[in-house]
Amino acid sequence: MLPVGAFCLLKNHVFEERAVAYDYEYLKKSVFDLTKIDLNAYKEKQMKRRIDTLISKHHIVGYDKFVQSLKTDHNMFEEFVNYLTINVSEFYRNPSQWDVMDKGMIPELIRKFGKNLKIWSAACSTGDEPYSLVMAFSRHLPLNQIKIFATDLDKQVIAKAKVGLYSEKSIASVPADLKKKYFTKVGASYQISEEIKSRVEFKEHNLLKDTYPTNYHMIVCRNVLIYFTEEAKDAVFVKFQQSLAKGGILFIGSTEQIINYKEIGLERKNSFFYEKM
């Protein structure tokens with residue numbers, strides 16, 4: 001039997017843990033009400049750590065006070081949404097996979113569907129990926145025949161994408177001829193050309209709640225779903241499959257895999273490329 005003092009300490013500890021859990025539940029509900037971002041779909045430990053870091057940075061004590069700040073401070077709200085969404089991107093990320101795209105997937109798509117291809121870059125972040133897609137397809141099609149639909153949850157990163165200004169590190173993997181052709185050095189940064197930018201249409205879209213577009217010949221969504229729970233991830237892959245035209249290709253990231261791809265109507269063509277059956 002526990003001594004009275006030890007029992008009280010244990011009781012207080014349990015109460016504190018429940019209070020913390022309740023606070024996070026309150027935060028999740030409040031965030032959804034304000035942003036329509038469902039934190040239940042993200043891995044809790046990882047996401048909570050990111051949020052707590054931001055709260056600490058602003059010297060705010062407690063989720064309730066932080067929620068009040070989100071409601072009253074527009075700059076805080078914008079910073080929070082930008083911080084919450086994972087925006088780590090670069091051009092031609094994992095170059096060997098883009099080589100497979102160039103030599104195998106793009107020619108196959110053109111053979112199957114012709115030159116008017118519907119391509120969706122989902123969770124496009126700061127534009128590195130959809131602009132990479134335009135350049136990759138430009139080796140096979142005239143620029144005026146290329147159109148990429150690019151979406152992201154975060155309007156701030158979409159705004160950055162539309163500006164099209166990138167660091168040297170971000171464009172390090174761009175093939176030399178494309179880098180020379182489509183980028184201009186501006187100070188320490190690089191500006192992507194208007195002829196590439198004009199081939200991309202950006203739009204806000206929430207993968208977890210919004211309606212998905214249909215009849216796409218290729219969907220690219222890379223290194224984003226790793227932050228989702230398994231249930232949310234599976235739901236997104238099913239919706240991607242439904243969004244593809246028969247024979248269309250889904251291109252995912254090197255940190256991801258689709259375990260049940262056969263069950264949801266996909267065929268694995270390569271480690272990171274799946275075809276709709």
Side-chain angles (χ1 to χ4, degrees), residues 15-89 120-127 129 149-161 202-214 219 221-243 252-253 255-256 258 264:
F15 177 80
E16 288 170 0
E17 284 191 334
R18 287 177 179 171
V20 169
Y22 175 79
D23 281 348
Y24 191 62
E25 290 300 317
Y26 162 76
L27 178 66
K28 288 192 290 186
K29 182 181 183 305
S30 299
V31 167
F32 183 78
D33 290 343
L34 289 169
T35 68
K36 302 308 176 189
I37 298 171
D38 186 2
L39 295 183
N40 287 307
Y42 294 82
K43 295 175 182 175
E44 182 171 316
K45 185 176 179 181
Q46 189 175 47
M47 186 55 69
K48 187 174 180 297
R49 183 170 63 245
R50 287 179 62 82
I51 295 170
D52 288 347
T53 299
L54 181 63
I55 291 174
S56 177
K57 171 188 168 184
H58 288 282
H59 309 291
I60 296 172
V61 179
Y63 291 147
D64 55 341
K65 291 183 180 178
F66 182 62
V67 169
Q68 286 303 314
S69 295
L70 293 178
K71 290 178 178 178
T72 58
D73 187 332
H74 178 72
N75 291 333
M76 176 74 77
F77 178 84
E78 293 293 333
E79 181 184 4
F80 173 66
V81 173
N82 187 48
Y83 188 81
L84 193 63
T85 51
I86 313 299
N87 299 313
V88 179
S89 189
W120 177 20
S121 174
C124 67
S125 189
T126 51
E129 185 174 274
F149 179 54
T151 64
D152 200 274
L153 174 68
D154 186 348
K155 65 182 179 182
Q156 285 194 358
V157 298
I158 289 177
K160 291 177 185 176
F202 290 99
K203 186 178 179 181
E204 287 182 58
H205 182 269
N206 186 333
L207 287 173
L208 296 172
K209 79 173 190 68
D210 291 338
T211 302
Y212 281 39
T214 56
I219 297 174
C221 184
R222 310 182 67 230
N223 307 304
V224 175
L225 302 188
I226 54 169
Y227 301 102
F228 288 11
T229 63
E230 292 304 315
E231 294 77 12
K233 194 185 304 181
D234 288 345
V236 170
F237 283 138
V238 168
K239 289 180 182 178
F240 280 152
Q241 190 273 353
Q242 294 169 347
S243 291
I252 64 173
T255 56
E256 297 154 341
I258 309 175
I264 63 175

Intermediate values then yes/no, side-chain contact (heavy atoms from CB on, under 4.5 Å), Y24 and M47: CA-CA 11 Å; Y24 191 62; M47 186 55 69; 3.9 Å; yes

Trace of the side-chain contact (heavy atoms from CB on, under 4.5 Å) decision for F237 with K233: CA-CA 6 Å; F237 283 138; K233 194 185 304 181; 3.5 Å; yes

Check against side-chain contact (heavy atoms from CB on, under 4.5 Å), I55 and K65: CA-CA 10 Å; I55 291 174; K65 291 183 180 178; over 6 Å; no

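Under the 4.5 Å side-chain criterion, counting only non-hydrogen atoms from C-beta, I51 is not in contact with V31. For the pair D73/H58, no side-chain contact is recorded, criterion being any heavy-atom separation below 4.5 Å from C-beta on. Counting heavy atoms from C-beta on, the side chains of D210 and T151 never come closer than 4.5 Å. Counting heavy atoms from C-beta outward, Y212 and V236 have side chains that approach closer than 4.5 Å. When side chains are defined from C-beta on, F240 does not count as touching I252, because their heavy atoms never get closer than 4.5 Å.
For NZ of K209, the number of neighbouring non-hydrogen atoms (other residues, nucleotides, ligands) closer than 6.0 Å is greater than 12.
Note: W120 and F149 have tilted aromatic rings, judged against thresholds of 30 and 60 degrees for the angle between ring planes. Aromatic ring orientation, F66 versus F80: perpendicular (interplanar angle above 60°, classes split at 30° and 60°).
Not a single donor-acceptor pair under 3.5 Å links the side chain of H205 to the backbone N or O of A150. Not a single donor-acceptor pair under 3.5 Å links the side chain of E129 to the backbone N or O of S121.
Contact detail for K239 and L207: the closest heavy-atom pair is NZ-O, 4.3 Å. Heavy atoms only, all atoms of each residue included: L208 and A232 are closest at CD2-CB, 4.1 Å.
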